[in-house]
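The structure appears below as structure tokens.
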Amino acid sequence: MIGTVTIGMEEALALCENAARAAGANTEVAISLARSAVAAEAEGQASVGLAHFVDYLEALEAGRIDGHATPDITRPAGAIILSDARGGAAHPGFDRAFDDLVDTARKFGVAIFSQKNAFTCGALGYFAGRLAERGLVSIAATNGPALVAGAGGTKPVYCTNPLAFAAPAAGVPPLLIDQSSSATAFVNIRKAAHAGQSIPDGWALDAAGNPTTDASAAVKGALLAFGGSRGANIALIVEVLSAGLSGANWSLDAPPFATGSEGPGTGMFVLAIEPKFLDPDFEARLRSQMDRLSGEYGVHVPGRGKVAMRQKSRERGFAVPQPVYDEIARRADQLFLR
């Protein structure tokens, strides 16, 4: 059985920042990546938390992420913010534009952040959730290298192409939905393959296009969209919003994120909406509706559990698999051995 290490959030942030700097990131990029990964881990999203942070470190070392890239941010129209990540991480461009995005949405009622030429972004809900915490409704979409078969096809044409939605509610954590267009995340397939475990039916195809429960065969084949053609259609919508509008690589044209020396050049689309222009009582009404759904009808309201877990992590820290901790700590130590 693999052991774990319990670590506090501040310690985790410092450890990840130092590891990223040792891997070739400047301070801005290191902080930006560390915050997103630690936030995901603190909320119980281990697949896009510190284990995924190791992917960032490897990408920095291999040059798939330019750790010194400075995002080129422009304003072609009053409510539109464009970012060219220039081969860097997805997070610094959004971080730099964040306050402007919030102010623009509050001024015009809506604002768009569109980005191209970035590495994959990890937990997409991290971006939408931050806007909801500032009182804005948000929709976010992003793409990546082709991993998922399209409707009627057997070859990868889309990434897992997640879609996130967040909305503020009075006095309680925001509603936050973050889900991929695929039946599962690629990192779950890869984890099962490394562990020699099988996967459920309906998750993937092998290289010949046949349904498989063999995770190793699935890694060489294609993931399946959730809900058949309906999920594949959502993947296509996400592809157009994130890659089509931004000028980023289509998933079919994106280099793999885990091998080689070239980044995938992905896109991101974030829409921020000021709900007070539409309904001044929106937050109170959403709170009431979510309470009714969860209380009277037993509906799970996404987002509340993540916030509760994040608070618990702040107070008590969180457990990280020993191999993941050791890998990040080893790289962090290299910063002080130079």
Side-chain angles (χ1 to χ4, degrees), residues 9-10 12-21 23-43 45 48-50 52-53 55-57 59-60 64-75 79-107 111-136 138-144 162 164 166 168 174 176 178 242 246 248 263-272 306 310:
M9 286 186 66
E10 292 303 318
L13 284 167
L15 186 72
C16 289
E17 180 186 340
N18 288 338
R21 289 173 59 202
N26 63 26
T27 299
E28 178 187 12
V29 173
I31 291 173
S32 196
L33 287 173
R35 284 176 176 170
S36 66
V38 171
E41 191 74 38
E43 293 175 355
Q45 297 177 280
V48 286
L50 298 196
H52 187 52
F53 188 75
D55 293 328
Y56 291 146
L57 297 178
L60 284 164
R64 293 189 294 275
I65 297 176
D66 181 347
H68 291 266
T70 299
D72 181 17
I73 298 176
T74 57
R75 293 290 298 269
I80 297 177
I81 301 172
L82 299 184
S83 172
D84 184 343
R86 301 172 65 185
H91 306 77
F94 184 80
D95 287 346
R96 285 192 174 204
F98 181 74
D99 287 336
D100 194 11
L101 184 65
V102 171
D103 291 343
T104 301
R106 288 175 176 167
K107 178 180 180 181
I112 290 173
F113 172 84
S114 180
Q115 181 168 257
K116 64 181 179 180
N117 295 333
F119 196 76
T120 55
C121 72
L124 185 62
Y126 173 74
F127 302 87
R130 287 171 60 184
L131 290 166
E133 289 172 356
R134 298 287 287 271
L136 301 175
S138 177
I139 298 172
T142 189
N143 76 318
L176 176 57
D178 181 4
S242 58
S246 69
T266 66
M268 179 186 292
F269 171 87
V270 180
L271 173 65
K306 287 185 175 66
R310 188 196 312 161

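With Arg310 contributing its side chain and Glu43 its backbone, the two residues share no donor-acceptor pair below 3.5 Å. Side-chain N or O atoms of Ser246 include one that pairs as donor or acceptor with a backbone N or O of Ser242 at under 3.5 Å. Counting only distance, with no hydrogens or angles, the side chain of Thr266 and the backbone of Ala118 share a donor-acceptor pair below 3.5 Å. The backbone N or O of Gly125 lies less than 3.5 Å from a partner atom in the side chain of Asp178, making a donor-acceptor pair. The backbone N or O of Phe269 lies less than 3.5 Å from no partner atom in the side chain of Gln115, so there is not a single donor-acceptor pair. The main-chain N or O of Gly267 is found under 3.5 Å from a side-chain atom of Asn143 such that the two form a donor-acceptor pair. Remark: the backbone N or O of Ala34 is not paired with any side-chain donor or acceptor of Glu17 at under 3.5 angstrom.
Shown here are the ring pair (Phe, Tyr, Trp, His ring centres under 6.0 Å) partners of Tyr126, two or more places apart in sequence or in another chain: there are none. Qualifying side-chain contact (heavy atoms from CB on, under 4.5 Å) partners for Ala272, counting only residues two or more places apart in sequence or in other chains: Leu101, Ala105, Leu131, Leu136. For the salt bridge (charged side-chain N to carboxylate O under 4.0 Å, His left out) test, no residue two or more places apart in sequence or in another chain qualifies with Glu10.
Between Ala166 and Leu176 the shortest heavy-atom distance is CB-CD1, 3.8 Å. Nearest heavy-atom pair, Tyr56 versus Gly122, reported as atom, atom and distance to 0.1 Å: OH-N, 3.3 Å. Closest of all the heavy-atom pairs between Ala164 and Ala128 is CB-CB, 4.1 Å. Nearest heavy atom pair, residue Ala85 against residue Ala69, reads O-CB, 3.7 Å. Taking every heavy atom of both residues into account, Gly49 and Ala40 meet most closely at CA-CB, 4.0 Å. Of all heavy-atom pairs spanning Cys16 and Phe53, the tightest one is O-CZ, 3.2 Å.
With Leu60 as reference, Leu33 is the one residue of Asp66, Asp55, Leu33 to meet the side chain to side chain contact (heavy atoms under 4.5 Å, CB included) rule.
Look at Arg134 and Asp99 and you find a salt bridge, because one of the NZ, NE, NH1 or NH2 atoms lies within 4.0 Å of a carboxylate O, short of that distance. Between Arg130 and Asp95, at least one side-chain nitrogen of the basic residue sits less than 4.0 Å from a carboxylate oxygen of the acidic one, meeting the salt-bridge criterion. Comment: Glu133 does not engage Lys306 in a salt bridge, judged by the lack of any side-chain N to carboxylate O separation of less than 4.0 angstrom.
Of the inter-residue distances, the one linking Arg35 atom CZ with His91 atom NE2 reads 12.0 Å to the nearest 0.5 angstrom. One finds the CZ atom of Phe94 at 11.5 Å from the OG atom of Ser36 (value rounded to the nearest 0.5 Å). With rounding to the nearest 0.5 angstrom, the CG atom of Asn18 is 9.5 Å from the OG1 atom of Thr27. Here the CZ-CZ distance, from Phe127 to Phe98, works out to 11.0 Å after rounding to the nearest 0.5 Å. Expressed to the nearest 0.5 Å, how far CD1 of Ile80 lies from OG of Ser114 amounts to 8.5 Å. Between the CD1 atom of Ile112 and the CD1 atom of Ile139 there is a distance of 10.5 Å, given to the nearest 0.5 Å.
Side-chain contact between Arg21 and Val29 is absent, with no heavy atoms from C-beta onward closer than 4.5 Å. Side-chain contact check for Arg86 versus Asp72: some heavy-atom pair is nearer than 4.5 Å. Put simply, the side chain of Ser138 does not reach to within 4.5 Å of the side chain of Leu271, judged on heavy atoms. In this structure, the side chains of Leu50 and Val38 come closer than 4.5 Å at one or more pairs of heavy atoms. When side chains are defined from C-beta on, Asn26 counts as touching His68, because their heavy atoms get closer than 4.5 Å.
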Trace of the side chain to side chain contact (heavy atoms under 4.5 Å, CB included) decision for Arg96 with Glu28
CA-CA 10 Å; Arg96 285 192 174 204; Glu28 178 187 12; 2.7 Å; yes
Step by step, work out the side chain to side chain contact (heavy atoms under 4.5 Å, CB included) result for Leu82 and Ile73.
CA-CA 6 Å; Leu82 299 184; Ile73 298 176; over 6 Å; no
Check the pair Lys107 / Asp103 against side chain to side chain contact (heavy atoms under 4.5 Å, CB included), numbers first and verdict last.
CA-CA 6 Å; Lys107 178 180 180 181; Asp103 291 343; over 6 Å; no
Under the side chain to side chain contact (heavy atoms under 4.5 Å, CB included) rule, what do Cys121 and Leu124 come out as? Steps first, then yes or no, please.
CA-CA 7 Å; Cys121 72; Leu124 185 62; 4.0 Å; yes
